[in-house]
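Throughout, protein chains are lettered first and strands after them, A, B, ... in sequence-line order, and every chain is numbered starting at 1. The structure presented is a predicted model; accordingly, all values stated were derived computationally and were not measured. Because only heavy atoms are used, hydrogens play no part in the values below, and waters and symmetry mates are left out as well, while side chains stay in.
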Amino acid sequence: MSLTLYNTLTRHKETFEPIEPGKVRMYCCGVTVYDYCHLGHARSYIAWDVVCRYLRWRGYQVHYVQNFTDIDDKILKRARTEGSTMEAVSEKYIAAYFEDMDRLNVLKADEYPRATHTLNGIKRLIHELEQKGVAYAADGDVYYAVRKFPNYGKLSGRKLDDMEAGASGRVENPEEAKKKDPFDFALWKGAKPDEPAWESPWGSGRPGWHIECSAMVREQLGEEIDIHVGGADLVFPHHENEIAQSEAVTGKSLSRYWLHNGMVNVDGEKMSKSLGNFTTIRQLLDEPLEILGGDRFHPMALRLFVLQAQYRKPIDFTGEAIAAAQNSWHTLTEGLLFGFEYGQSLGWSDVADTSFGDPTCMRIPESSEAVRRFQSAMDDDFNSPGGLAVLFELAKELRRAGNLITHQGQADRSAEDLRQDWQILVCLAQVLGLEAKPEPTTTQSEGKNNDTAIEEIIQARQAARKAKNFAESDRLRDLLAAQGIALIDQPDGTTRWHRG
RNA sequence: GGCGGCAUGGCCAAGUGGUAAGGCAGGGGCCUGCAAAGCCCUUAUCCCCAGUUCGAAUCUGGGUGCCGCCUCCA
């Protein structure tokens, strides 16, 4: 079976074949660090995290690079309003980015290059573009001449002439006046007063936005990479421009596959900074929510919410969706914690090991139906909803078995079967970055002391039931329920109980 | 106006030629003094029209609706 993925470049699903067998070079356009990340960012980076995890699970050696844009007008604006510096603003939001992504269990990329650390590469690239005759200097700025690059538009599928005809409401400003063509874009911007600037052959200034990615890809991964990813809103002009910059210099294809994630919508409209309809990740996770009865939204539930849609489709962010995801996560959690909850009573031999429950130490049968179905879904352009269906089936079956153990004393399947299902669930969930940690167990001693008292109450209740004094019986049930003790009357007349 | 994408049950979402996965949310029943758990049953001719085919949610043509990009944007 082979992995297929939808390539924006060709608008088709294609079989994945890396340039170098077994190895994947992957680049992701990261954030411009001038504010906290919102759900759109969360969606994007969770999606690519899963792509990365899945490729590794499939045996590829992945080199994953994601940048930070730390030179930008919006950062400067922020610095001004905060009486701070561009550097300080960047550092603050880079740290915040990592905090947020850690909570969402997004793995670290291998490298995080920054524009401010890539100035030499950027200047070298601009110089080479000038030599190739596709860039021109204009009064301190340097622009890319899009008409000089015959393939311009190949990614986004647009033609310059068509766009020009329909371009609406283009505001005239001094920068526009310097351009030979309205679609030319800045590679280098001449310094303005009170702005950070770097020396260059074209005078003091700073790089344009698109050029940094071309330079960083080249520095970190080389002239040709396997997969380039980012939000669908980056297709044009950002990725189109990246292709123009890189390919004009190298003459090689920048990336074999271009993957783009769908947008997060609110009330059917794209969530974005400019529309002001965004919710930040930390806002969503930190605030008690009415729709959840005052509970907080679990970070893994957010992850689940994202993965319940295929990465290319838009997702609608609604209260109902939050509640559904939270409930779904609860179901999945019960399955994921099964081993911790019941492994001991099932007589599993390794429950006391420190590595117990660690998916990296588990061996699961690749030929099993569940693994096969999971892989076949994910092989189809990372169809995570299909993969999740497998996880839910396993989780629900384990929950059923767990309930039987709690309520009837034993499950109807062998300890070995259950062990295997649990391990498959934990491992596959890990591929999607979904993890449940067991709660720290309530102190054993505290529990033990109460046990005899509880038993006595149960005895009293038994007596009441025998005497058909159900009012008293129910009173005692409620009494214990108030302490978190649940009673289960068995068909044979005995009563089991458990906490929680 | 140009380019692209999407349209499956109350909500979300798989399924790309053989008579509709999964999740969430509901309903009914069995069992139980009550309860818990378990078990059983239960909600779709897949936007509309026409066509291809023995057979289509799945292919073709047309229509309608929604969304994204064309300006910073994940």
Check: What nucleotide, of B:C69, B:A14, B:C24, holds the atom closest to the side chain of A:K313?
Finding: B:A14
Notebook entry, point to check: Atom NZ of A:K74 to atom P of B:A74: distance rounded to whole Å?
Noted result: 7 Å
Notebook entry, point to check: Hey, is the side chain of A:R43 pairing donor to acceptor with the base of B:A74 inside 3.5 Å?
Noted result: no
Next item on the list: Answer with base, sugar-phosphate or nothing: what part of the nucleic acid does A:S328 contact at a heavy-atom distance below 4.0 Å?
Entry: sugar-phosphate
Note to self: So, does A:N383 get its side chain near the phosphate of B:G15, meaning an N or O under 4.0 Å from OP1 or OP2?
What the structure shows: yes
Checklist line | Gap between atoms CG and P, on A:D316 and B:C66 respectively (whole Å) | finding: 15 Å
Check: Nearest of B:A37, B:C69, B:C24 to any side-chain atom of A:Q408?
Finding: B:A37
Margin query: If you only use heavy atoms from C-beta on, which nucleotide in B:A14, B:A36, B:A74 is closest to the side chain of A:I488?
Written below: B:A36
Next item on the list: Please measure how far the P atom in B:C6 lies from the corresponding atom in B:C41, and state the result in whole Å.
Entry: 36 Å
Next item on the list: In whole angstrom, give me the gap between the C1' atoms of B:U16 and B:C24.
Entry: 26 Å
Margin query: Using Watson-Crick or G-U wobble geometry with both distances under 3.5 Å, which nucleotide pairs with B:C39?
Written below: B:G29
Check: Counting side-chain heavy atoms from CB outward, which of B:A74, B:G33, B:A36 is closest to A:H407?
Finding: B:A36
Margin query: On the nucleotide B:A74, are OP1 or OP2 found under 4.0 Å from the side-chain N or O atoms that A:H41 carries?
Written below: yes
Check: Could you state the NZ-P distance from A:K396 to B:C39, rounded to the nearest angstrom?
Finding: 11 Å
Check: Is any side-chain N or O of A:S156 closer than 4.0 Å to OP1 or OP2 of B:C70?
Finding: no
Check: When the distance from CG of A:D184 to P of B:U71 is rounded to whole Å, what number comes out?
Finding: 13 Å
Checklist line | Geometric class of the A:W57/A:Y54 ring pair [parallel <30°, tilted 30-60°, perpendicular >60°] | finding: tilted
Item checked: Complement of B:C6, any strand, by Watson-Crick or G-U distances under 3.5 angstrom -> B:G65
Checklist line | B:A57 versus B:A7 - spacing of their P atoms, nearest Å | finding: 15 Å
Margin query: Is there, by distance only and without an angle test, a donor paired with an acceptor across the side chain of A:R373 and the base of B:G15 below 3.5 Å?
Written below: no
Next item on the list: Check whether any side-chain N or O of A:K270 sits under 4.0 Å from OP1 or OP2 of B:C69, and answer yes or no.
Entry: yes
Notebook entry, point to check: Who does B:C46 pair with, Watson-Crick or G-U, both distances under 3.5 Å?
Noted result: none
Notebook entry, point to check: Do side-chain atoms of A:R303 reach the backbone of A:N105 as a donor and acceptor pair under 3.5 angstrom?
Noted result: yes
Check: What distance, rounded to whole Å, do you find between the two P atoms, one in B:U32 and one in B:G18?
Finding: 47 Å
Check: Taking NZ, NE, NH1 and NH2 as the nitrogens, is one of them in A:D181 or A:K148 under 4.0 Å from a carboxylate oxygen of the other?
Finding: no
Check: Among the nucleotides B:G4, B:A37, B:A13, which one has an atom lying closest to any side-chain atom of A:A309?
Finding: B:A13
Item checked: Nucleotide forming a Watson-Crick or wobble pair with B:U53, both distances under 3.5 Å -> none
Notebook entry, point to check: Taking atom C1' in both B:U58 and B:U19, what distance in whole Å separates the two?
Noted result: 12 Å
Check: Taking the C1' atom of each, how far is B:C46 from B:C40, in whole Å?
Finding: 28 Å
Item checked: Any strand: nucleotide that pairs with B:G1 via Watson-Crick or wobble, under 3.5 Å -> B:C70
Checklist line | Separation of B:G68 C1' from A:L275 CG (nearest whole Å) | finding: 12 Å
Notebook entry, point to check: B:U43 and B:A21: how far apart are their P atoms, nearest whole angstrom?
Noted result: 12 Å
Margin query: Check this for me, if you would: do A:R147 and A:D184 make a salt bridge, where the nitrogen-to-carboxylate-oxygen distance has to be below 4.0 angstrom?
Written below: no
Next item on the list: Provide the distance between the two C1' atoms, one in B:C72 and one in B:G65, to the nearest whole Å.
Entry: 30 Å
Check: Relative to the ring of A:H228, is the ring of A:W258 parallel (under 30°), tilted (30 to 60°) or perpendicular (over 60°)?
Finding: parallel
Item checked: Between C1' of B:G23 and CD1 of A:I322, the distance in whole Å -> 17 Å
Next item on the list: Classify the nucleic acid contact of A:N327 as base, sugar-phosphate or nothing, counting any heavy atom under 4.0 Å across all strands shown.
Entry: sugar-phosphate
Next item on the list: Give a yes/no answer on whether the side chain of A:K273 brings an N or O atom under 4.0 Å of OP1 or OP2 in B:A74.
Entry: no
Checklist line | Side-chain donor or acceptor of A:R496 paired with backbone N/O of A:T406 under 3.5 Å | finding: yes
Next item on the list: Return yes if some donor-acceptor pair links the side-chain N/O of A:Q490 with the main-chain N/O of A:H407 below 3.5 Å, else return no.
Entry: yes
Margin query: Does a side-chain N or O of A:R400 approach OP1 or OP2 of B:C39 to a distance below 4.0 Å, or not?
Written below: yes
Notebook entry, point to check: When you measure from the side chain of A:S274, which nucleotide among B:C72, B:A74, B:G33 comes out closest?
Noted result: B:C72
Checklist line | Atom-pair distance (NE2 on A:H498; C1' on B:A35), nearest Å | finding: 11 Å
Check: Of the candidate nucleotides B:U71, B:A21, B:U16, which contains the atom at the shortest distance from the side chain of A:K13?
Finding: B:U16
Check: Looking only at side chains, do A:S156 and A:E240 share a donor and an acceptor under 3.5 Å apart?
Finding: yes
Check: So what does A:F305 hit on the nucleic acid, given a heavy-atom distance under 4.0 Å: a base, only sugar-phosphate, or nothing?
Finding: nothing
Next item on the list: For A:M263 and for A:S473, locate the closest nucleotide of RNA chain B by heavy-atom distance; then report the residue assigned to the nucleotide nearer the 5' terminus.
Entry: A:S473
Margin query: Let's see if you can work this out: which of B:G15, B:A13, B:A74 has an atom nearest to the side-chain heavy atoms of A:D380?
Written below: B:G15
Next item on the list: Using a strict cut-off of less than 4.0 Å between a Lys/Arg side-chain nitrogen and an Asp/Glu carboxylate oxygen, indicate whether A:R465 and A:E472 qualify as a salt bridge.
Entry: no
Checklist line | Mutual orientation of the aromatic rings belonging to A:F16 and A:Y257 [parallel < 30°, tilted 30-60°, perpendicular > 60°] | finding: tilted
Notebook entry, point to check: For A:Q308 and A:E269, take the nucleotide of RNA chain B holding the closest heavy atom to each; which residue's nucleotide lies nearer the 5' end?
Noted result: A:Q308
Notebook entry, point to check: With distance as the sole criterion, do the side chain of A:N265 and the base of B:G68 form a donor-acceptor contact below 3.5 Å?
Noted result: no
Next item on the list: Would you mind telling me which of B:G23, B:A35, B:C69 lies closest to the side-chain atoms of A:F392?
Entry: B:G23
Checklist line | N/O (side chain, A:N403) to phosphate O (OP1/OP2, B:G38) under 4.0 Å | finding: yes
Note to self: Only pairs with both distances under 3.5 Å count, Watson-Crick or wobble alike; so what is the partner of B:G17 in this structure?
What the structure shows: none
Next item on the list: Round to the nearest Å and state the distance from A:Y6 atom OH to B:C6 atom C1'.
Entry: 11 Å
Next item on the list: Counting heavy atoms from C-beta on, name the nucleotide in B:G2, B:C34, B:A74 closest to the side chain of A:V264.
Entry: B:A74
Check: Using a cut-off of 4.0 Å on non-hydrogen atoms, how would the nucleic acid contact of A:G40 be classed: base, sugar-phosphate, or nothing?
Finding: base
